[in-house]
Amino acid sequence: MTDAAAPRRLRVLAAMSGGVDSAVAAARAAEAGHDVTGVHLALSENPKSFRTGARGCCTIEDSHDARRAADVIGIPFYVWDLAERFREDVVEDFVAEYEAGRTPNPCLRCNEKIKFAALLDKALALGFDAVCTGHYAQVILREDGSRELHRAADMAKDQSYVLGVLDDRQLAHALFPLGDTPTTKSEIREEAARRGLFVAKKPDSHDICFIADGDTQGFLAKRLGAAEGPIVDESGEVLGTHDGAYGFTIGQRKGLRIGTPAADGKPRYVLDISPVDNTVTVGPAASLDVTALTAIRPRWCGRPPESGPAGYTAQLRAHGGETEVSAEVVDDTLRVTFTEPVRGVAPGQAVVLYDGTRVVGSATIATTTRRPAPAATAPHQAG
């Protein structure tokens with residue numbers, strides 16, 4: 001929902017993380033004439049006082065920064081405790097997905113389950129019209145009254161991938177004030193400074209917000225414990241051991257701890273993760289080439305795709321590029337075929353379809369079909 005899409009004065013609940021983007025978004029919403037209330041989501045059950053460098057968020061420091069920004073903007077401010085819901089819907093889901101050998105994206109899950117489900121439901125119950133966030137994306141209102149989610153005006157900052165889980169109802173109550181202005185991040189910081197916002201120079205958070213030190217493998221090890229297993233090549237030969245298959249992702253190259261070099265002297269990558277027998281399979285980069293995938297639990301941003309195969313572009317990771325695909329929905333399963341093979345595709349990731357700049361929808365990758373190795377007669381299935 002851009003200002004052009006919503007000229008009337010709205011009651012807006014601005015999610016304020018304590019960072020510069022959400023602060024400027026709240027300020028722009030208030031400047032546009034909306035009745036804005038700021039809210040900081042307390043998502044950690046044991047928040048730290050300070051961030052670890054530029055990593056993480058949801059600390060006590062962040063809540064104080066959000067409050068100070070709200071005071072400068074001149075809007076009411078509250079802290080809402082959604083830590084239990086966040087733990088159940090995001091953190092525990094993250095751990096369970098890795099334990100099952102999949103690679104989840106917790107930011108998509110947070111947007112789906114927390115910011116535009118738990119938060120939005122509470123906001124609507126309290127009489128608010130929309131939830132405002134600092135995401136870089138656009139909601140376009142069509143003449144027929146329907147809404148579409150589009151990429152941000154500045155592709156370098158576009159975050160539509162992590163919003164691809166939003167449905168039509170959620171889009172109707174979403175406000176992204178930063179999405180339709182092609183400004184650089186330095187210009188956003190300059191705007192924050194002009195507005196007197198203390199967070200103008202605050203570093204961005206990186207990685208996964210609930211793993212402040214960035215050590216995903218260490219976080220999972222504490223939750224799941226050590227579980228030694230074999231690292232094998234495509235022929236099944238044991239090359240080494242690991243402390244837990246959950247610590248690996250498809251396409252990973254570093255940290256494999258394989259003592260025996262490959263026969264061709266080239267690097268090896270993680271090709272498959274089997275939680276059933278706790279085995280990690282590695283091989284050459286060429287074995288990562290994926291030609292097709294199936295994805296489950298599709299969610300459509302507005303109107304669903306028409307029946308039958310059609311051409312789209314697809315994005316497979318938050319900071320990845322687009323690739324041309326043919327896709328169709330069969331029995332509530334999304335089937336995607338790539339025009340050219342792609343690498344590093346893992347079950348558990350989200351595939352987001354685009355029609356130009358419009359986000360068609362998102363689904364969770366269940367299986368991938370790899371290009372056959374020269375000696376193979378059938379495609380390799382992963383997932």
Side-chain angles (χ1 to χ4, degrees), residues 94-105 215-221 223-296 314 316-317 320-321 323 325 333-351 363-383:
F94 176 84
V95 174
E97 286 293 284
Y98 264 102
E99 187 176 21
R102 296 185 288 268
T103 306
N105 187 312
D215 183 9
T216 300
Q217 188 167 355
F219 174 84
L220 292 170
R223 293 298 190 98
L224 300 174
E228 186 174 300
I231 299 175
V232 304
D233 64 15
E234 292 177 281
S235 69
E237 180 182 351
V238 177
L239 305 176
T241 60
H242 61 76
D243 295 327
Y246 53 75
F248 297 85
T249 58
I250 302 295
Q252 178 179 333
R253 173 185 173 184
K254 296 182 179 179
L256 301 184
R257 297 184 302 174
I258 301 173
T260 305
D264 59 6
K266 295 182 179 180
R268 283 174 290 202
Y269 300 79
V270 174
L271 304 180
D272 195 20
I273 302 163
S274 175
V276 176
D277 55 11
N278 198 27
T279 298
V280 174
T281 302
V282 300
S287 294
L288 287 170
D289 285 347
V290 169
T291 58
L293 62 82
T294 63
I296 58 176
L316 299 164
R317 53 184 63 83
T323 183
V325 301
T333 296
L334 180 66
R335 296 182 179 179
V336 177
T337 302
F338 297 100
T339 302
E340 296 291 338
V342 296
R343 291 181 177 176
V345 184
Q349 291 176 327
V351 53
T364 302
I365 298 172
T367 67
T368 61
T369 301
R370 299 217 181 108
R371 181 161 58 183
T377 58
H380 174 81
Q381 294 289 334

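Quantities reported herein were computed from a predicted structural model and do not represent experimental measurements.
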>> Using every non-hydrogen atom in the two residues, find where Gly101 and Pro275 come nearest and quote the distance to one decimal.
In response: N-CG, 4.1 Å
>> Can you tell me how far apart OH (Tyr98) and CG (Leu224) are? Round to the nearest 0.5 Å.
In response: 11.5 Å
> Is there a side-chain contact between Val282 and Phe248 (heavy atoms, below 4.5 Å)?
Replying inline: no
> Can you tell me if Thr103 uses its side chain to pair, donor with acceptor, with the backbone of Gln349 under 3.5 Å?
Replying inline: no
> Going through the distances and angles, do Tyr246 and Ile273 end up as a side chain to side chain contact (heavy atoms under 4.5 Å, CB included)?
Replying inline: CA-CA 8 Å; Tyr246 53 75; Ile273 302 163; over 6 Å; no
> Can we say Arg370 and Asp289 salt-bridge, meaning some charged N sits less than 4.0 Å from an Asp/Glu carboxylate O?
Replying inline: no
> So how far is it from Tyr269 OH to Arg343 CZ, rounded to the nearest 0.5 Å?
Replying inline: 7.5 Å
> Where do Gly218 and Asp215 come nearest, in terms of heavy atoms and distance?
Replying inline: N-OD1, 2.9 Å
> Do you know the tightest heavy-atom contact between Pro284 and Leu271?
Replying inline: O-CD2, 3.9 Å
> Would you call Ile250 and Leu288 a side-chain contact if the rule is heavy atoms closer than 4.5 Å?
Replying inline: yes
> To the nearest 0.5 Å, how far apart are CG in Asp233 and OG1 in Thr281?
Replying inline: 8.5 Å
> Which atoms form the tightest heavy-atom contact between Gln252 and Gly247, and what is the distance?
Replying inline: OE1-O, 3.7 Å
> When rounded to the nearest 0.5 angstrom, what distance separates CG in Leu220 from CG in Asp243?
Replying inline: 13.0 Å
> Which heavy atom in Phe338 sits nearest to a heavy atom in Ala292, and how many Å separate them?
Replying inline: CD1-N, 3.8 Å
> If you round to the nearest 0.5 Å, how far is OG1 of Thr364 from CD of Glu97?
Replying inline: 7.5 Å
> Any side-chain heavy atom of Thr323 within less than 4.5 Å of one from Thr339?
Replying inline: no
> Taking everything shown except Arg317 itself, do over 12 heavy atoms lie less than 6.0 Å from its CZ?
Replying inline: yes
> Can you find a pair of side-chain heavy atoms, one from Asn278 and one from His242, that are under 4.5 Å apart?
Replying inline: yes
>> What's the separation between atom OG1 in Thr294 and atom CD1 in Ile365, rounded to the nearest 0.5 Å?
In response: 9.0 Å
